[in-house]
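Comments concern the structure below.
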Number of protein chains: 2
Amino acid sequence: MRKNQVTITDLARELNVSPSTISRALNNSPFISEERKRVILDLAAKMKYSPNQLALSLLNKRTKILGVVVPEITSYYFSTAINGIQDKVGSSGYKLMISQSNESFEEEIRILEAMALVRVDGFLISPSSNTVNFDHLEKLRDSGFPLVIFDRDCLGFDIDKVVVDDYSGALQAVEYLIQTGCKRIAHISGSTNLSTAKHRKNGYIDALLKNNFEVLEELIVCGEDSSSESGVASMKKLLELEELPDAVFCYNDAIAIGAMSVIRENGIKIPDQISLVGFDDEPYSSYFKPSLTSVWQPIYDLGLLSAKILLDKLNTDVEDMKYRFEVLKPELVIRDSSRKLKE
Amino acid sequence: MRKNQVTITDLARELNVSPSTISRALNNSPFISEERKRVILDLAAKMKYSPNQLALSLLNKRTKILGVVVPEITSYYFSTAINGIQDKVGSSGYKLMISQSNESFEEEIRILEAMALVRVDGFLISPSSNTVNFDHLEKLRDSGFPLVIFDRDCLGFDIDKVVVDDYSGALQAVEYLIQTGCKRIAHISGSTNLSTAKHRKNGYIDALLKNNFEVLEELIVCGEDSSSESGVASMKKLLELEELPDAVFCYNDAIAIGAMSVIRENGIKIPDQISLVGFDDEPYSSYFKPSLTSVWQPIYDLGLLSAKILLDKLNTDVEDMKYRFEVLKPELVIRDSSRKLKE
DNA sequence: CTGTTAGCGCATTCAG
DNA sequence: CTGAATGCGCTAACAG
């Protein structure tokens, strides 16, 4: 903080009035004469007075700061969610304290504790992939912090949540592959204890079952993480199979891109020999060769809605409002990495 | 903030001692008996006491919060810089308040003012592309806020700065193109009033001049912004020329990707007919077809160093330390979108 | 070693 | 309408 901040007392001394009068003028209370008010406001402007939020926070017991924790900010996905959060929150005077857990459970706990100490007014959290229990979140909730979980569900933990219907997205994607004539559809999955990975895998499996396809273990590969490198490794495994798949549904675009490069290197044609589908619809997906069919997610809206729910919570006194569980719908975007529907 | 926070006074009442004694125990002052200390610490743990940072901030006149303002968090570039900042700052107990200006000058001013009110301890700023004057930054500096400008230089504004040597990066790239036999090298530039765009363009021009090439206005195109879409539009313009260029040096990878798709659509071979070079070396660049030659920037380190400089500043009492101006070196990464050097 | 006092900057009683 | 007093939670200076 700066050394010589102009305070309400400075103004009071200058004008030979009491600090409370200054306060009244500044907050334009009705209990002050118009003339005085003007004089005070003028001086305040001239002396560049600005209220000390810290003192106010201490007094009001609220900071107007929201804590946001995501697994990683570098990903297009989460930064876009933050974008949505920011846009929602900006106009309401709330500031964002953002931190990333780097997919570490311990880090997540540390960050949350630090933010609780700062007394943020609420939390927006997308848990790390290694977050196995939710004691830390429960602790926050129970000590009265409003919090909203977004994108990654915490199964079994009761709280406000906003997620994308991964299951439906996967179902759409795989059914499309089936409709375009693919017979041997593989799946490259993401980190196993991610709710999103589970749901997408389930969508994949159910799409197969629904269409009387066999679910083959050998066609389901799970990489280390959800990166392009992981996609490369997983795809290589699939290419070692006796009988190659004729389609691959990937957990996300990053994996799909890695897979694409491996397929290409092996001289296999996309989509003629193998159809490829990603998830997320990242900005570059349409610029790949071939352009990537992918499941678009309303991730910006997800951020927006999460923030809205938190703000609503903050602006209501009612305590025991039911927790909300919002599910946003994804959408399949068909491009050139998958075969076309026959007319 | 939570309704029923446990305070130092609560503990004091419980134990029938004065608040200062509690304070001493908590801060393990030497002026307290070991026994009492233990008792107090135990109770504090049991009652889940946690210090109120707000009160401390008000007292110490520092919040341990750093304000970070970037043009956009969604970009890989800036989110990686934030990553570096976070990693540097995390261990020192500082928290980050992050906001994006969305390349808007007015928004930048608003954000900065809000952060100043919160009394952040310092600023890390990468100005928007529409920031034409630096009065707001000067105001911050003059009211005593330490601030570090990173990535985008504010020409003429004297302050700590950390930037990448765009000029040298561009020079490397274009000289490489020349060495591989390109004769007619075009340039697609970014937003005109960005220091980075200026420097890259200058690097391009100087590389040409140094090698006795003519600088042709028709070969320099400037798009609306720095997006892939802008790259598409700019490349189309270049393809309308009587005589096509045999190389295009782009302001960044996004533009290059857009350009690549246009070139491909027109049945022109990369790199045989046109060499393509980007800037930033985004993670997907190596997965494009052909993989993109690009200038890698030490952007993570840029964040790291900026944060370090700010922290150093914060930990020194000395006022009139000279402002630092750090320039990080980029590096050309050669891939398949440019011709190879002849042996 | 420990308690009392004061004050960080502010808004909100309560008396005038 | 206005001023004095009080307290948000905490530490530091000052007396014991």
Side-chain angles (χ1 to χ4, degrees), chain A residues 1-41 43-44 47-65 116-121 143-144, chain B residues 1-41 43-44 47-65 116-121 143-144:
Chain A
M1 193 177 326
R2 305 314 65 251
K3 330 144 247 266
N4 37 21
Q5 196 207 337
V6 180
T7 77
I8 219 174
T9 333
D10 295 332
L11 298 181
R13 200 178 316 116
E14 199 79 14
L15 257 43
N16 266 319
V17 296
S18 82
S20 5
T21 304
I22 306 286
S23 171
R24 278 189 270 263
L26 259 21
N27 297 295
N28 83 86
S29 143
F31 307 117
I32 189 171
S33 69
E34 272 305 318
E35 199 195 322
R36 271 219 164 161
K37 189 162 141 186
R38 195 180 2 269
V39 176
I40 292 177
L41 257 29
L43 182 71
M47 291 183 64
K48 295 187 183 172
Y49 165 83
S50 71
N52 188 323
Q53 299 288 339
L54 251 34
L56 287 175
S57 296
L58 185 58
L59 214 50
N60 301 329
K61 296 190 179 307
R62 45 194 218 122
T63 52
K64 287 281 207 171
I65 300 177
L117 284 187
V118 182
R119 259 69 188 180
V120 297
D121 286 345
S143 40
Chain B
M1 194 177 325
R2 304 314 67 247
K3 330 146 248 263
N4 37 21
Q5 196 207 336
V6 180
T7 77
I8 219 173
T9 334
D10 296 330
L11 299 181
R13 199 179 317 116
E14 198 81 12
L15 258 43
N16 266 318
V17 296
S18 84
S20 7
T21 303
I22 306 287
S23 170
R24 279 190 269 261
L26 259 21
N27 298 295
N28 82 82
S29 141
F31 308 116
I32 190 170
S33 68
E34 273 304 318
E35 199 195 322
R36 272 218 164 164
K37 188 161 141 186
R38 195 179 0 269
V39 176
I40 293 177
L41 256 30
L43 182 72
M47 292 183 65
K48 294 185 185 173
Y49 165 84
S50 71
N52 187 324
Q53 300 288 340
L54 251 34
L56 287 175
S57 296
L58 185 58
L59 211 52
N60 301 329
K61 296 190 178 309
R62 45 195 220 121
T63 52
K64 287 279 204 173
I65 300 177
L117 284 187
V118 182
R119 259 70 187 179
V120 297
D121 287 345
S143 42

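Per chain, numbering begins at 1; letters A, B, ... match sequence-line order. This structure is a prediction, so every number in the text was calculated from the model and none was measured.
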*Over all heavy atoms of both residues, which pair between Ala12(A) and Pro19(A) is shortest? Give the atoms and the distance, please.*
CB-N, 3.7 Å
*Could you pull out all residues at least two apart from Leu56(A) that satisfy side chain to side chain contact (heavy atoms under 4.5 Å, CB included)?*
Pro51(A), Gln53(A), Asn60(A)
*Quickly work out the Leu11(A) CG to dC10(C) C1' distance and round it to whole Å.*
12 Å
*Just by distance, do the side chain of Gln5(B) and the backbone of Tyr49(B) share a donor-acceptor pair under 3.5 Å?*
no
_Partner residues of Arg38(B) under the salt bridge (Lys or Arg N to Asp or Glu O under 4.0 Å) criterion, sequence neighbours left out_ = none
*asked:* Checking Leu59(A) now: which residues fulfil side chain to side chain contact (heavy atoms under 4.5 Å, CB included) with it, not counting sequence neighbours?
replied: none
_Any base atoms under 4.0 Å from Leu59(A), or only sugar-phosphate, or nothing? Heavy atoms, all strands._
base
*What's the CD-C1' distance between Gln53(A) and dC8(D), to the nearest Å?*
15 Å
_I need the CG-C1' distance between Leu54(A) and dG7(D), as an integer number of Å._
17 Å
Can you give the donor-acceptor pairs under 3.5 Å from side chains of residues 25-32 of chain B to other protein atoms, not counting sequence neighbours?
unit_1	atom_1	unit_2	atom_2	d
Asn27(B)	ND2	Ser23(B)	O	2.7
Asn27(B)	ND2	Ser23(B)	OG	3.3
Ser29(B)	OG	Phe31(B)	N	3.0

_Atom-pair distance (CG on Leu58(B); P on dG9(C)), nearest Å_ = 7 Å
_Nucleotide dT12(C), atom C1' - distance to NZ of Lys61(A) in whole Å_ = 14 Å
*Kindly say whether Arg62(B) contributes a backbone atom to a donor-acceptor pair with the side chain of Asp121(B) at under 3.5 angstrom?*
no
*Can you give the dot-bracket line for DNA chain C, where a pair is Watson-Crick or G-U wobble with both atom distances under 3.5 Å, crossing pairs use [ ], and | marks a partner on another strand?*
||||||||||||||||
*What is the nucleic acid contact for Pro51(B), judged by heavy atoms within less than 4.0 Å: base, sugar-phosphate only, or nothing?*
sugar-phosphate
*Mind checking side chain to side chain contact (heavy atoms under 4.5 Å, CB included) for Leu15(A) and listing every partner two or more places apart, or none if nothing turns up?*
Val17(A), Val39(A), Ile40(A), Leu43(A)
_Output the rounded distance in Å from CD1 (Ile8(B)) to P (dA12(D))._
11 Å
*What residue pairs, at least two apart or across chains, pass salt bridge (Lys or Arg N to Asp or Glu O under 4.0 Å) with a residue in residues 13-32 of chain B?*
Asp10(B)-Arg13(B)
*Residues from residues 16-27 of chain A sitting under 4.0 Å of DNA chain D, heavy atoms only?*
Val17(A), Ser18(A), Ser20(A), Thr21(A), Arg24(A)
_Main-chain N/O of Arg119(A) paired with Thr63(A) side-chain donor or acceptor, under 3.5 Å_ = yes
*Given atom CG of Asn60(A) and atom P of dT13(C), what is their separation to the nearest angstrom?*
12 Å
_What residues from residues 31-40 of chain A pass a heavy-atom cutoff of under 4.0 Å to DNA chain D?_
Phe31(A), Ile32(A), Ser33(A), Arg36(A)
*Just how far, in rounded Å, is C1' of dG9(D) from CG of Asp10(B)?*
10 Å
*Which residues satisfy the side chain to side chain donor-acceptor pair (under 3.5 Å) test with Thr9(B), sequence neighbours excluded?*
Thr7(B)
